[in-house]
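Down below is the structure, laid out as structure tokens.
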Number of protein chains: 2
Amino acid sequence: MATPKPDPARRSPCPLACGLDLFGDRWTLLVVRDLVFGAERFKDFTASPEHIPTNLLADRLKRLGEHGIVVQVAAADGSRHPAYRLTAKGEALRPVLEAMRDWGLKWEEGTRVLKKAAG
Amino acid sequence: MATPKPDPARRSPCPLACGLDLFGDRWTLLVVRDLVFGAERFKDFTASPEHIPTNLLADRLKRLGEHGIVVQVAAADGSRHPAYRLTAKGEALRPVLEAMRDWGLKWEEGTRVLKKAAG
DNA sequence: TCGTCATACTTGCAAAATGAAAGCATTATG
DNA sequence: CATAATGCTTTCATTTTGCAAGTATGACGA
């Protein structure tokens, strides 16, 4: 198979710019955070303190799915409602979240970690 | 001095959410990247391959200034045009950029580092 | 000092994204 | 079976983005 072409919509070959095209907004990394924290179901995400609008949540889950960061799996409890899980590519974002968390804790007054990450 | 209150506009005390309110968009961290790479003047930023619109660049430099991440300094070459520099708070974002860079390099096809960071 | 070019923005506007609210299937529960 | 919970979609006002053009100031050579 030929070498896959880089996305023509990409702004530059910079890995940072490329990442920001994917999760450079106010919500996407919070969804990833919730997944790291063990969220699986739609309502889990809406229960987070930031209260993401449901239309944005649906959109973000879809986008993350399209980019191989999230997959739908059968719910562990046998429910037929969809459950979401991080892929390896999604789990690999953990160091990004940790770096941002550390920065926030050090430089932004009044921030604190709310729970421990699952895993 | 009394304990400073947390920003009432803050979505939650989560350091991640707080950081995203500041740099959760497609451009802000690219501006920080350019500063790490040694950019100082307005035109330096516009010369980057992503070609940030000038109205957004002006807005982002202002916001970063208001949040103590960037300061205006006298230009090293004696010019009276403004020069921008990262503060310690801004330099502290370096691990965030590095984590995102590493993620992009590993998971996003065709990305590559364009230059070496200054400093 | 005058003219010219570069720099550093600001303004205007169309298009896209955001976010609040309500609506509505489908699934679970008593 | 009735009712509630879940997982979305739709609507629409507001905000943000991004392109293009305009403008004001600084730098520089004649």
Heavy atoms only: give me the nearest [X]-[Y] pair and the separation to one decimal.
X	Y	answer
A/Pro13	B/Leu114	CG-CD2, 4.4 Å
A/Asp44	A/Ala39	CB-CB, 3.7 Å
A/Asp34	A/Ser48	OD2-OG, 2.8 Å
B/Val31	B/Leu57	CG2-CD1, 4.1 Å
B/Arg10	B/Cys18	NE-SG, 3.3 Å
B/Leu22	B/Arg63	O-NH2, 3.1 Å

Task: Any B/Arg26 side-chain N or O less than 4.0 Å from OP1/OP2 of D/dT17 - done: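 Indeed not, no polar side-chain atom of B/Arg26 lies that close.
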
TODO: Round to the nearest Å and state the distance from B/Phe42 atom CZ to D/dA24 atom P.
DONE: 17 Å

- [ ] In whole angstrom, give the distance that lies between atom CZ of A/Arg11 and atom C1' of D/dG18.
- [x] 12 Å

Task: DNA chain C contacts among residues 49-65 of chain A, heavy-atom distance under 4.0 Å - done: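 Hits under 4.0 Å, by residue number: A/Pro53, A/Thr54, A/Asn55, A/Leu56, A/Arg60.
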
- [ ] Scan A/Thr46 against the nucleic acid and name what it touches under 4.0 Å (heavy atoms): base, sugar-phosphate only, or nothing.
- [x] nothing

Open item on the list: Using a heavy-atom cut-off of 4.0 Å across all strands, would you classify B/Phe45 as base, sugar-phosphate, or nothing?
Closed with: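 No contact.
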
TODO: Please step through ring pair (Phe, Tyr, Trp, His ring centres under 6.0 Å) for the pair B/Trp27 and B/Phe45, ending with a clear verdict.
DONE: CA-CA 11 Å; B/Trp27 292 108; B/Phe45 301 96; over 10 Å; no

- [ ] Answer whether the closest heavy-atom distance between the side chains of B/Phe23 and B/Leu93 falls below 4.5 Å.
- [x]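 Yes - at least one pair of side-chain heavy atoms lies under 4.5 Å apart.
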
Task: Contact check, side chains of B/Lys106 and A/Pro15, non-hydrogen atoms, under 4.5 Å - done: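 In short, these two side chains do not touch, never coming nearer than 4.5 Å.
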
- [ ] Could you check B/Asp25, B/Thr28, B/Leu29 and say which one makes a side-chain contact (heavy atoms from CB on, under 4.5 Å) with A/Leu20?
- [x]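 Going through B/Asp25, B/Thr28, B/Leu29 one by one, the side-chain contact (heavy atoms from CB on, under 4.5 Å) with A/Leu20 is satisfied by B/Leu29 alone.
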
Nucleotide N/O to protein N/O under 3.5 Å, stretch nucleotides 3-5 of chain D:
none

Task: Outermost nucleotides of DNA chain C that come under 4.0 Å of a non-hydrogen atom of chain B - done: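 Endpoints of the contacted stretch of DNA chain C: C/dT7 to C/dG12.
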
Task: Side chain B/Ser12, main chain A/Pro49, donor-acceptor under 3.5 Å - done: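 The answer is no, because no donor-acceptor pair under 3.5 Å joins these two groups.
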
